[in-house]
Structure formats: C-alpha cells, structure tokens
> 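Below you'll find the structure I mean.
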Amino acid sequence: MPEGHTVHRTANQFNQLFGGQPITVISPQGRFAEGAKLVSGHKLVAAEAIGKQMFLRFDNDLTIRIHLGIYGKWGYLKLDGLEAEDPVGQVRARFSNAKAAADLRGPTVCEVISADEVRLVEQRLGPDPLNPNRANAEAQRFIDRVMRSRTPIGLQLMNQDVIAGIGNVYRAELLFRAGLNPHTPGNLLTREQLQGIWDDSVALLKVGVATGFMITRDELFKKRPKKADRNFVYKREGLACRECGVNIVIELMAARKLYWCPGCQK
DNA sequence: TCTGGATGTTCAT
DNA sequence: TGAACCTCCAGAG
C-alpha cells in the first residue's frame, strides 16, 4: 500500500533488520543486477523515507533510491541462518543478511545514485508530515506553497512537490475530515484551514505507520477495522455518507479517482 | 481460470 | 490528456 506511511514502515523495518551491518544485494530478475553489484557487501548506514521514496545509504557513499509506484511490493523472509529459497515471481532486488531477507517486486524506481543526486531529489520533494525534524517549518512551507496557487486543493494534495507522502486515499479522507470541497482553489483557503489539514495529515500518517492501515475514522484508530469500514469517502461512491447521509460521489480529477461528499464538503 | 483495477510517476503528444 | 511502466489480487464466471 504505497502511500507515505508504508514507506516509513519499510524504512523502520530495514533499520531494524539490516541497519549498521553489511548487506547482500542481488537482482534475481536481472534488471537491477548492475546496481546491486555497486552496493552488495557494503554496510547499510541508514534507511530513510521521504514521502513515498526510500533511500538506502551505504558506507561507500552510494544510495539506493526506491519508489514503489503503483505496483511495487515488499516481502520479508525470516532466515535465522538458513538459506533463502529461490524467489517466486519477478523479484527486482533481494536484500539479505544471515537473519532475514527482503524481496522487492515491481517498483517504479530502484536505482543507485550519488550523494549529489540524493540532494537533488530531496530539494524537489515537498515537506513530509512524518519528518520529525523542523516540524513547524515544514508546515509553513506547505501552507505557503498551497496559498501561492489557484490550483484546486484536491490536486495540490496529490503533488509530491507540495506535500510528500499523500496519495489518493489520504487526499480524499483529509479533505472530508476538513469539510473542504476538493475544487476549492488553494489561494482561497486560510492559513488556519491549511494548518488544520497539515496537522491532520501528521496524525493520520502516524496512525498508518503504527497500524499499517490507512484508518481515518477516529473511533477505529485502535481497532483493526475491515477494509470497508476504515474510511469516510474512499471507495464509497453511491453509498450514504457516514456523517450526513448524502451519497458519496466519484469523479475524475487529473485522471485519478476522487471521492467526496457534496453534503459535508461545501 | 480469466479479467480488470490499483494506494503512482513520467514522458510524449 | 493519455499511454506506458509492471505486478498482484479480488471478483466474476
């Protein structure tokens, strides 16, 4: 489920499994064979997530940048000294030590880049609500950026240069929780409204990191709700709004499905 | 068993 | 704006 929370969970898992240790990197599928050779056997200094991208920094100043895109998935194997079985299906990259292995399938990006190239990517990405550093400055950066543009807030929340880590599910749910019509131009919103969206994104993403699920209904945060119960509007087109009873609508916004409630989001 | 859809991004037109 | 990328899975039959 590649929105920002998933990538932060993966980075945490990588630091636990492989952090500070030499790591074997292979490409069973072959498409990452050259990159794997550059870093395999080197120590993983740290795994870091920014928005939907993960950076694996090695002790030879090279970094693997991974973006799952829409298809990408991770699978984990516990080894405890046993040999890993041959991968099933198209495994772009396998990361392993004696204790564990992580298989990467179908990513949009899996490449080795230099420290300078890492900085270029970091500069382009917008603030990440899960970035623990400079939390207040990051919020202001988000607010200023949104207010500069007439682009609808529903589009801006999907732009990784504006806010890194939000995808289609959180976009729909954040706007519902804020009571905002997705078509509202960014420059017509107030600082208070945008601060509210930012704070809510921090809270929802933290729930996502903790649970692994995109739960957006407060009363279900500490439970394990079924998929159909987790959200207010996402994938609920034609059903009655949980708050006002008006039917949830679906429309295409920049070729992505947008779900919202015309009753609650005036 | 088959088909369509999916939480995303980039590039060409 | 639409196609391409590329893999898995839920739902249909």
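Residue numbers begin at 1 in each chain, while the letters A, B, ... track the order of the sequences.
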> When the C1' atoms of C:dC8 and B:dT10 are considered, how many whole Å apart are they?
22 Å
> A:Arg9 has an atom CZ; how far is it from atom C1' of B:dT7, in whole Å?
15 Å
> Identify, with sequence neighbours excluded, every residue that meets side-chain hydrogen bond (donor to acceptor under 3.5 Å, both in side chains) alongside A:Arg92.
A:Gln29
> Polar-atom pairs under 3.5 Å, protein N or O versus N or O of nucleotides 8-11 of chain B: list them with distances, or write none.
residue : atom : partner  : partner atom : Å
B:dG8   : OP1  : A:Lys52  : NZ           : 2.7
B:dG8   : OP2  : A:Asn168 : N            : 3.1
B:dG8   : OP2  : A:Arg256 : NH1          : 3.2
B:dG8   : OP2  : A:Arg256 : NH2          : 2.4
B:dT9   : OP1  : A:His67  : NE2          : 3.4

> Side chain to side chain contact (heavy atoms under 4.5 Å, CB included) with A:Asn12: which residues, sequence neighbours excluded?
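Scan of A:Asn12 (side chain to side chain contact (heavy atoms under 4.5 Å, CB included), adjacent residues dropped) gives A:Val209.
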> Rounded to the Å, how far apart are A:Tyr170 OH and B:dA6 C1'?
16 Å
> Looking at A:Arg105, does any N or O in its side chain come under 4.0 Å of the phosphate oxygens OP1/OP2 on C:dC8?
yes
> In this structure, which one of A:Asn60, A:Ile64, A:Leu62 forms a side-chain contact (heavy atoms from CB on, under 4.5 Å) with A:Leu38?
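Single pass found, and it is A:Leu62.
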> A:Met253: which other cluster members, linking ILVMFWY side chains closer than 4.5 Å, directly or transitively?
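Once heavy-atom contacts under 4.5 Å are chained together, A:Met253 belongs with A:Leu155, A:Val249, A:Leu258, A:Trp260.
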> Quickly work out the A:Asn231 CG to B:dT7 P distance and round it to whole Å.
12 Å
> Provide the distance between the two P atoms, one in B:dC2 and one in C:dC5, to the nearest whole Å.
23 Å
> Could you tell me how far apart A:Lys73 (NZ) and B:dG5 (C1') are, to the nearest whole angstrom?
12 Å
> Between C1' on B:dA6 and CD1 on A:Ile250, what's the gap in Å once rounded to a whole number?
12 Å
> Output all residues satisfying side-chain hydrogen bond (donor to acceptor under 3.5 Å, both in side chains) with A:Glu117, sequence neighbours left out; order by chain, then residue number.
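Per chain and number, A:Glu117 pairs via side-chain hydrogen bond (donor to acceptor under 3.5 Å, both in side chains) with A:Ser114.
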> A:Leu104 CG to C:dT7 P: how many Å, rounded?
10 Å
> Can you measure A:Tyr259 atom OH to B:dT7 atom P for me and round it to whole angstrom units?
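Spelled out: OH on A:Tyr259 to P on B:dT7 is 6 Å.
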> Only one of A:Lys222, A:Arg217, A:Lys223 forms a salt bridge (charged side-chain N to carboxylate O under 4.0 Å, His left out) with A:Glu219, so which one is it?
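Exactly one option meets the salt bridge (charged side-chain N to carboxylate O under 4.0 Å, His left out) with A:Glu219, and it is A:Arg217.
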> I need the CZ-P distance between A:Phe32 and C:dC6, as an integer number of Å.
15 Å
> Apart from A:Val45 itself, what residues make up its hydrophobic cluster when side-chain heavy atoms of I, L, V, M, F, W and Y under 4.5 Å apart count as a link, directly or indirectly?
none
